[in-house]
Amino acid sequence: MLSSEDFQFLSRSPPAPPKKPPSPAPPPDSVYDLWLASRELPAQRGSYFVPGTQRPLNLANARLAYTLTHRCTLDLFKVLWGLNPFRTTLMMTLQVVRSLFPAFRGYSQALIIDELQSLIASGSFTWFRLFCLVSSELLRRSVESALDSFAAANEDVVVESARFYIEHKQLEHRVRLDVPTLSDPIVRDLLQESDLFARSFYGGGFGLLSPLDFVHIISLITEIISHIFLIYSLTNGAIHLCILTLSILSATLPLLISRLGISFEHPEPVCPTQEARAAERQERMRHLAYSDVHRPEVALFGLERWILKSWADARQMASSSGLSSSWRDSSVMSRINFSEFMFALQNIPLVLLLQTSSASLGSLSAYRSSIQSVVYAIGNLMATSKMAFQGLFLMSAFCASMELRPRLQPKDEDAVTYRSMPNGGMSIVVKGLSYTYPGMSEPALKDISFTLQPGETLAIVGYNGSGKSTLAKILLRIIDFEKGALFVNGVDIRRLNPSEYHQHITTVFQSFSKFNSTVTENVGLGYVDKMESKPAVERAVRLAEADGVVSSLPDGLRTILDTPGFDTISYPGGFSNHQSPHHSGLSGGEWQRIALARAFMRANEPDVDLLVFDEPTSSLDAHAQKQIFDTIQKISRSPSGEPRKNVIFITHRLAIARRADKIAMMENGIISEFGSHEALLQKNGSYAALYQASI
Ligand SMILES: Nc1ncnc2c1ncn2[C@@H]1O[C@H](COP(=O)(O)OP(=O)(O)OP(=O)(O)O)[C@@H](O)[C@H]1O
């Protein structure tokens, strides 16, 4: 039977190394090839680093990085730049201007100190003059802080829009990918690295990797050049021991302050409720988009656009409240860095020391701070360049993932549109169909052939593991097949666009998805277009005999249904809120009714030609089962009783199976018997034996 495990993917173990000695690799061509080449273990073709592993810095990878920069990085930067050209240009300019600050700061302090030195030497020192000089220094620092604060706020806006773009693009592509594409271990690695790239926009979480690393490199180089220039202009030899001691002391002062627990950090802003809700909703949508368990239902019910829209709406809500608070927090006063003031005050002992010194203290001080800054900036540049180098490969994973094409998607030149039959229903012709799960040696289906006329009902019965659910998945176009052919309304199913085909189907999987959301959404997801329509949801709930369940819930249709194993993706800021008072759990049978209601949301739509149910009533009592099948039968017929939709159901209850027009008895991946209940009983074969055993 269909189960969530069916859609779990193969373990991501790297493919085994080839037996033959490796032949020289052809030069990688696409961004995907380049990305893959960067992951290859040295001297082991076909074996790969695990996703997220840092690429060794060698000539081959440097070449790949260079090519990738041409192939995708520059284009991506161009797109990101285009999102906010003015702010991005401003951000770059401010980065460069701010990188000149440290050198300018050293120079300005040197000037002040030298002036004081000459005032003292000439005997015209006054405390008022000292006050004026220190005040002018403080003013300069305040202007610097204000610019820093403005630059930080501007940077937040630029990063936020880039982050939105990247995440939206990623979600957009992810929801389109089908089960066969996602089953490929290399594709899964690619998506994982692309995900790391998207997460890097939250900053700091992955070895401090950030997309701003590329910008920082430019500003660090500018900073180093400006310091070197200053050092060069100051070099005159002498270094005073006391100044050195005081410098060491002044450098350790901020450390001592932090040791003593004196903090000037701003308190964490309180997360407003609306923002928290939006974040939670975003997290749910992400979970739906990324979860393998929900993938079949996402595909079948065409939830892609709805997921994207819900995520974007929630994102917008979270960003608007988040941004307003970020602008609030970025007010000039709140951003003034007190440790910078402490640093300015540390110059006073140097000035007092002037009385015992004949050297130019200003130049010594500037020399000292520039040396320190150059050493620090070079270290920083090396670390940042290393991160940017790794970032290039993660970025290429993102670019390559954007080019992935769902495997079930026909080529544009082969694609044909789904054509409905004149009186509804679906003609299904299966010829010699075989399928083996990836990595398995034994086929799950062998040479399956049967025909179903429009409006006919088929029951698939048989022993555990005989291939019933696999056959259903192929008919639903969730997975492909290797051999044979499948025609739907006379058209090869491989020429149909799966998302278009899915609009004509509704289903209940045996292990259907349980969404950690309201009853309305759990049911309404079956037909997103009508999710907002309360009467439509209520009608579906009634058809599934779930109205009793819903009325007993604390908040009716708005009750959030708890699901075990709702695993959030650990995005910074993402969390799930289980504190709502209107939460409730459901029993297995109650959940089954909700899943049936979901299928019934769209079952009645005229476009829907095929209803597929995999053990839809396994947890229901005999009375409820009969009622549900009566409803299914009613839906599949016109008001005058003419069959207008095909129904395929998998069941172990043969008393239910006998209601079908045709029965397929499956054993070991083959259809061993096919025909009506009466014909199969007359045959006195496996079906008859199974039927006798069940009554
Ligand atoms: N994802 C998978 N990967 C590998 N093998 C699988 C996978 N899913 C099913 N199989 C194998 O394919 C065969 C058919 O499985 P399928 O689920 O179609 O059987 P079924 O008739 O629906 O069984 P049941 O009545 O127990 O639900 C089984 O041998 C099973 O082990």
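Everything quoted here is computed from the prediction, not taken from an experiment. In what follows, every heavy atom counts, from backbone to side chain, and hydrogens, waters and symmetry copies are set aside. Atoms within each ligand, like the ligands themselves, are counted from 1 in listed order.
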Give every donor-acceptor pair under 3.5 Å between a side-chain atom in residues 408-421 and any protein atom, sequence neighbours left out.
unit_1	atom_1	unit_2	atom_2	d
Tyr418	OH	Asn489	ND2	3.3
Tyr418	OH	Asp609	OD2	2.6

- Check if Gly462 has a non-hydrogen atom at a distance under 4.0 Å from any atom of ligand 1. no

- Message: Taking distance alone, with N or O pairs closer than 3.5 Å, would you say Ala444 contacts ligand 1?
- Response: no

- From the options Leu471, Thr470, Asp614, select the one whose nearest heavy atom is closest to atom 16 (P) of ligand 1. Thr470

- Task: With sequence neighbours left out, write down each residue that passes side-chain hydrogen bond (donor to acceptor under 3.5 Å, both in side chains) with Thr518, or none if nothing qualifies.
- Result: none

- Task: For Tyr463, counting its heavy atoms only, list the atoms of ligand 1 lying under 4.0 Å from any of them.
- Result: 21 (O)

- Message: Tell me whether ligand 1 is touched by His652 - counting only heavy atoms on the residue side and a distance under 4.0 Å.
- Response: yes

- Message: As a check for students: among Gln510, Glu615, Met440, Lys468, identify the option with a heavy atom nearest to atom 25 (O) of ligand 1.
- Response: Lys468

- Item | Heavy atoms of other groups near Arg305 CZ, more than 12 under 6.0 Å | no

- Decide, yes or no, whether a salt bridge links Lys634 with Asp630 under the criterion of side-chain N to carboxylate O below 4.0 Å. no

- Does the distance from a Lys or Arg side-chain N to an Asp or Glu carboxylate O, for Lys683 and Glu673, drop under 4.0 Å? no

